[in-house]
Amino acid sequence: MMDVGLVGWRGMVGTVLLQRMREEDDFKHLNAHFYSTSNPGGEAPKEDSDKGILKDAFDIKTLSKMDMILTCQGGDYTQKVYPELRKAGWKGNWIDAASTLRGEDSSVLVLDPINSNQIEKGLSEGKKDFVGANCTVSLMLMGLGDLFKKDLIEWTTAMTYQAASGAGVSHMKELLKQMNFLSGKVHDGIDKRNIFDIDQLINQAFLEKDFPQEFFGHPLAANLLPWIDTEVEKGQSREEAKAYLETNKILGFKNKIPVDSTCVRVGALRCHSQALTIKLKKNIPIDEIEDMIKNSHEWITLVPNKKEETLKELTPVNVSGKLQIYTGRVRKMLMGDEYLNAFTLGDQLLWGAAEPLRRILRKLLF
Ligand code: NAP
């Protein structure tokens, strides 16, 4: 059996990955070695096949013994350890959730229900680096499926509503702390107070020095943040720039299609949502579009464009923790028959992060 090093397994993505690997009995098929950047020598999860002790995630010598390394640790880790390992002559497969290697020619972006052809091509070319794509991009492609795969889209915008957990454990906890802080301000009862007094109390609370905002740097509770990640060229955020680059790389399109967005962090806990305006390459009847979306792959649920169904099903609260991607609000727009509106959401920790990594790991094991 192959030796697989697991790094970053206790973070947001890593925890969901372990949960899925346990559900699918993946550990039966590999020798797992657990690593840590912060606690080497500590206790490893029960699936550790060595001594149950966490190994040092910066120790190139032990990492070099692995047939594969799967990391959900983050970009700084990849940036430091990956080049050292390759320089030391390590030839194993590197599977990664971070964005560091996504733009490299040596890497394959993995999202097999959408790009199994690209994955097979990468394997036949002897590629060794398999990277999960940006979570929002993966969820958009999973949510529209064959519309992208059959190259029917001329361009699209994706206006996103991204959950706090997309930024990791510390950020998700911070959102909850912010909610707690704010609710503590009206401890004597919301119903007993005038709503304008409460509004004023909350606005003052944002300015208090104890207001928890170490990680987001701003209030997210009772607020939204229309900028995610750093600033890049053309007025885009890095998160927005990824939409164009990664969509086209995943699909292997030579004639790249424009995908441009405004990415917004909202106070949802899990699940990234996005509102899409799509310019189709031709006028396709709406029932054909719906059939195409519905039949794209087994992990898609098409929600009828009706108020009741939408409010019940097309929400982060409903979709959180589910592997299914939900797509709805599908309708032609007033701009013309080639303009399509859609809203899609999925748990970004599953198909947006852990699941494509778990599936490429399984594929590489056999
Ligand atoms: P995360 O929750 O911040 O975890 C990353 C690492 O932080 C952990 O492996 C752990 O490393 C350390 N850590 C520090 N404090 C922790 C705490 N209180 N609880 C648990 N771990 C803690 O990051 P993530 O969201 O999983 O993201 C990992 C990578 O995946 C990033 O590159 C990210 O961009 C990418 N990604 C994330 C998502 C998402 O939705 N979150 C989606 C797609 C891709 P040690 O155990 O070594 O200390």
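When a ligand or atom number is given, it counts from 1 through the structure's own listing order.
When only interatomic distances are considered, the shortest N/O to N/O separation between A353 and ligand 1 does not fall below 3.5 Å. Residue R10 places at least one N or O, backbone or side chain, under 3.5 Å from an N or O of ligand 1. For Q73, a nitrogen or oxygen atom sits less than 3.5 Å from a nitrogen or oxygen atom of ligand 1, counting backbone and side chain alike. In terms of N/O distances under 3.5 Å, ligand 1 is not approached by A133. Looking at ligand 1, you'll find an N or O of T37 within less than 3.5 Å of one of its N or O atoms.
Distance remark: protein heavy atom present below 4.0 angstrom from atom 48 (O) of ligand 1.
Proximity of L349 to ligand 1, defined as any heavy-atom pair under 4.0 Å, is confined to the side chain (atoms from C-beta onward). Residue contacts with ligand 1 for S165 involve N, CA, C or O but no side-chain atom from C-beta outward (heavy atoms, distance under 4.0 Å). Contacts with ligand 1 closer than 4.0 Å are made by heavy atoms of both the backbone and the side chain of S38.
Among protein heavy atoms, atom 33 (C) of ligand 1 sits closest to A97 O, 4.7 Å.
Applying the side-chain hydrogen bond (donor to acceptor under 3.5 Å, both in side chains) test between D229 and each of Q236, R265, R238 identifies R238 as the sole match.
Proximity of the aromatic rings of Y326 and F343 is defined here by a centroid distance below 6.0 angstrom, and this criterion is not met.
Residue G132 places every heavy atom at 4.0 Å or more from ligand 1.
Atoms of ligand 1 lying under 4.0 Å from at least one heavy atom of C135, given by number and element, are 42 (C), 43 (C). For ligand 1, the atoms lying closer than 4.0 Å to a non-hydrogen atom of V169 are 1 (P), 2 (O), 3 (O), 17 (C), 18 (N), 19 (N), 20 (C). For ligand 1, the atoms lying closer than 4.0 Å to a non-hydrogen atom of Q348 are 40 (O). Taking every non-hydrogen atom of M12 and a distance limit under 4.0 Å, the qualifying atoms of ligand 1 come out as 1 (P), 2 (O), 24 (P), 25 (O), 26 (O). For ligand 1, the atoms lying closer than 4.0 Å to a non-hydrogen atom of S36 are 47 (O). Near G75, with a cut-off below 4.0 Å to any heavy atom, the atoms of ligand 1 are 32 (O).
The cationic group of K55 does not satisfy the cation-pi geometry with F34, failing either the under 6.0 Å distance to the six-membered ring centre or the 45° limit from the ring axis.
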